[in-house]
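The block underneath contains the structure these notes are about, expressed in structure tokens.
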There are 2 protein chains.
Amino acid sequence: MPRAPNDTAYLAKLQDYYARWRSLPAYGPLRDVLGLASRAGVAQVLHRLRDSGFLERTPAGRWTPTARFFERPLADAPVPAGLPVSATDSGEASSIDAYLIRHPSRTVLVPVTGDSMLDAGIHPGDRVIVERDAPARPGDLVVAVIDGELTLKTLAVENGEAVLRPANPAYPVLRPGDRLDLFGVVVGLIRSYRR
Amino acid sequence: MPRAPNDTAYLAKLQDYYARWRSLPAYGPLRDVLGLASRAGVAQVLHRLRDSGFLERTPAGRWTPTARFFERPLADAPVPAGLPVSATDSGEASSIDAYLIRHPSRTVLVPVTGDSMLDAGIHPGDRVIVERDAPARPGDLVVAVIDGELTLKTLAVENGEAVLRPANPAYPVLRPGDRLDLFGVVVGLIRSYRR
DNA sequence: GTCTTTACTGTACAAATGTACACTAACAAT
DNA sequence: ATTGTTAGTGTACATTTGTACAGTAAAGAC
């Protein structure tokens with residue numbers, strides 16, 4: 001029989017299935033997903049992927065992905081003349097959640113509306129990742145509460161007074177004085193180009 | 001027996017379990033998780049949660065969360081008085097990875113260098129999420145291989161010929177002719193403001 | 001009170017599950 | 001050629017699974 005320890009391909013199939021269904025099937029259906037002919041073969045694949053750190057068991061005995069399962073490959077940016085070969089995959093990998101979110105319980109996503117931060121590369125429809133109760137320093141992007149609404153601005157200091165500066169010069173600089181109510185500090189941004 | 005259709009509490013237990021293990025157990029273990037005494041009771045709870053739109057079945061027959069399963073209650077974060085409810089973002093997916101990445105095995109992160117796409121809100125240091133071997137249509141952001149380097153451009157058609165258009169007008173429009181080598185299509189973008 | 005409904009229990013059972021074991025084909029090294 | 005290793009197959013079996021069905025306790029309606 002074929003001697004191909006192609007666990008990378010098996011892992012890819014599991015990742016795609018899990019991305020679609022947020023769940024891993026039993027050995028029976030998994031046999032078809034992986035393209036094997038026996039459930040015993042499925043068991044061997046799963047045990048190998050556990051030994052590689054991609055899967056683990058729940059206390060209930062079911063297979064479940066580990067953090068490593070969700071890591072995404074990172075392509076090298078400027079690819080040398082060698083070409084698309086090295087462009088495929090490079091060693092580094094990271095999970096987007098782990099990359100952007102440090103304190104999950106204090107972190108929320110806020111949809112962006114309006115174009116006041118367009119010059120800062122923040123578009124309507126983007127979602128900014130906001131860490132609440134984080135210390136804000138001048139120059140930070142912050143979400144402030146102005147008149148009961150969330151507003152995205154850059155925190156700055158003028159004459160010892162905290163002010164909120166929009167990236168779009170068509171909007172005015174806000175000087176809330178000591179009534180500055182910060183919702184949180186922007187630590188990241190995500191954008192989807194689909195649809 | 002207690003007449004308490006407290007599916008909210010059951011849902012919370014499932015959410016906690018799933019957040020911890022990224023998987024739902026079988027009826028047997030679920031009996032203990034939900035605090036019930038029979039698997040038949042578990043079945044009734046799950047069917048009710050499916051009718052409410054919180055769960056569904058995989059093609060393999062397993063229970064799995066729906067998008068609604070991951071919605072956050074509005075009172076989740078202590079929001080200052082008078083704040084618009086829409087600020088706290090309901091209906092968010094469990095993870096950013098799940099929100100942005102649909103085909104994990106074909107998806108790669110590419111760091112952005114250079115400022116040719118600055119006017120499209122794509123900064124140096126950002127990372128674009130690229131789906132390889134996806135069909136590209138005019139207007140799509142694409143990563144192309146030009147002279148052995150990855151280049152981020154907008155795909156367009158001029159006189160029936162595919163061209164690559166930078167967002168920054170200081171850069172030229174590329175006309176690779178039929179030697180157009182696409183690395184993939186940009187489906188998302190992430191940016192970290194830390195450090 | 002007497003119905004009716006509801007949320008669960010307990011039992012039963014065919015079907016599916018996970019795993020152990022022996023077996024086999026393909027490859028590598030000597 | 002022989003040997004050893006590897007990645008899978010096929011079979012067998014005890015256990016577990018999901019579900020159907022009858023039964024029961026609690027609450028509301030009348």
Side-chain angles (χ1 to χ4, degrees), chain A residues 1-66 68-69 89, chain B residues 1-66 68-69 73 104-105:
Chain A
M1 271 314 192
R3 182 197 178 92
N6 207 347
D7 285 351
T8 304
Y10 291 140
L11 177 61
K13 290 175 180 178
L14 291 182
Q15 287 168 331
D16 286 347
Y17 189 97
Y18 189 91
R20 171 67 185 89
W21 293 107
R22 296 166 301 283
S23 159
L24 292 179
Y27 285 34
L30 215 40
R31 183 191 47 207
D32 301 327
V33 171
L34 297 181
L36 295 177
S38 67
R39 292 190 324 232
V42 172
Q44 296 176 40
V45 171
L46 294 184
H47 281 85
R48 264 182 278 141
L49 288 178
R50 182 196 51 194
D51 295 343
S52 313
F54 292 103
L55 296 177
E56 63 179 334
R57 298 267 204 172
T58 70
R62 288 209 162 159
W63 292 103
T64 199
T66 63
R68 192 172 181 193
F69 184 92
D89 288 4
Chain B
M1 272 312 201
R3 183 197 176 91
N6 205 349
D7 286 350
T8 306
Y10 291 140
L11 177 60
K13 289 176 179 178
L14 291 183
Q15 287 168 332
D16 287 348
Y17 189 96
Y18 190 90
R20 171 68 186 87
W21 292 108
R22 295 165 301 284
S23 157
L24 292 180
Y27 285 33
L30 259 188
R31 184 190 47 206
D32 301 327
V33 171
L34 297 181
L36 296 175
S38 67
R39 288 185 323 206
V42 172
Q44 295 176 39
V45 171
L46 295 185
H47 281 85
R48 264 180 279 141
L49 288 178
R50 181 196 51 193
D51 295 343
S52 313
F54 291 104
L55 295 177
E56 62 179 335
R57 299 266 204 174
T58 69
R62 286 208 163 162
W63 292 103
T64 198
T66 63
R68 192 172 181 193
F69 184 92
S105 63

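All values reported here derive from a predicted model rather than from experimental measurement. Basis for what follows: all heavy atoms, side chains included, without hydrogens, waters or symmetry-related copies. Sequence lines set the chain letters: A, B, ... in the order given, protein chains first and strands last, and positions in each chain run from 1.
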**OP:** Nearest whole angstrom, please: distance from the P of D/dG18 to the CG of B/Leu24.
**Re:** 11 Å
**OP:** Would you mind reading off the distance between A/Arg39 atom CZ and D/dT17 atom P, rounded to a whole angstrom?
**Re:** 15 Å
**OP:** Test B/Phe69 against B/Leu11 for side chain to side chain contact (heavy atoms under 4.5 Å, CB included), laying out the working first.
**Re:** CA-CA 8 Å; B/Phe69 184 92; B/Leu11 177 60; 3.7 Å; yes
**OP:** Answer with base, sugar-phosphate or nothing: what part of the nucleic acid does B/Arg57 contact at a heavy-atom distance below 4.0 Å?
**Re:** sugar-phosphate
Original post:
What are the two closest heavy atoms between A/Val42 and A/Arg31, and how far apart are they?
Top reply: CG2-CA, 3.5 Å
**OP:** To the nearest Å, give me how far apart CG (B/Leu46) and C1' (D/dT19) are.
**Re:** 12 Å
Subject >> For atom CZ of A/Arg31 and atom P of C/dT19, their distance in whole Å >> reply: 16 Å
Original post:
Among the nucleotides D/dT17, C/dA7, C/dA20, which one has an atom lying closest to any side-chain atom of B/Ala26?
Top reply: D/dT17
**OP:** Pick base, sugar-phosphate or nothing for A/Pro29, based on heavy-atom distances below 4.0 Å to the nucleic acid.
**Re:** sugar-phosphate
**OP:** Under the side chain to side chain contact (heavy atoms under 4.5 Å, CB included) rule, what do A/Leu30 and A/Leu24 come out as? Steps first, then yes or no, please.
**Re:** CA-CA 8 Å; A/Leu30 215 40; A/Leu24 292 179; 5.5 Å; no
**OP:** Using a 4.5 Å cut-off on heavy atoms from C-beta on, say whether the side chain of B/Leu14 contacts that of B/Val45.
**Re:** no
Original post:
Can you tell me how far C1' of C/dT6 sits from OH of B/Tyr10, to the nearest Å?
Top reply: 12 Å
Subject >> A/His47 NE2 - D/dG8 P separation (whole Å) >> reply: 15 Å
Original post:
Which sits closer to the 5' end of DNA chain C, B/Leu36 or A/Trp63, going by the nucleotide each is nearest to?
Top reply: B/Leu36
**OP:** Using whole Å, report how far CG of A/Asp51 lies from C1' of D/dT6.
**Re:** 15 Å
Subject >> Passing candidate, ring pair (Phe, Tyr, Trp, His ring centres under 6.0 Å) with B/His47, options B/Phe54, B/Tyr27, B/Tyr10, B/Trp63 >> reply: B/Trp63
Subject >> Residue A/Val45, side-chain heavy atoms: nucleotide from D/dG8, D/dG18, C/dT19 that is nearest >> reply: D/dG8
**OP:** Choose from C/dG10, D/dT9, C/dT19 the nucleotide whose nearest atom is closest to any side-chain atom of A/Ala37.
**Re:** D/dT9
Original post:
A/Leu30 CG to C/dT19 P: how many Å, rounded?
Top reply: 12 Å
Original post:
Nearest to the side chain of A/Ala40, which nucleotide is it out of D/dG18, C/dT9, D/dT9?
Top reply: D/dT9
Original post:
Given C/dG10, C/dT19, D/dG8, which nucleotide is nearest the side-chain atoms of A/Tyr27?
Top reply: C/dT19
Original post:
A/Arg62 or A/Gln44: which one's nearest nucleotide on DNA chain D is closer to the 5' end?
Top reply: A/Gln44
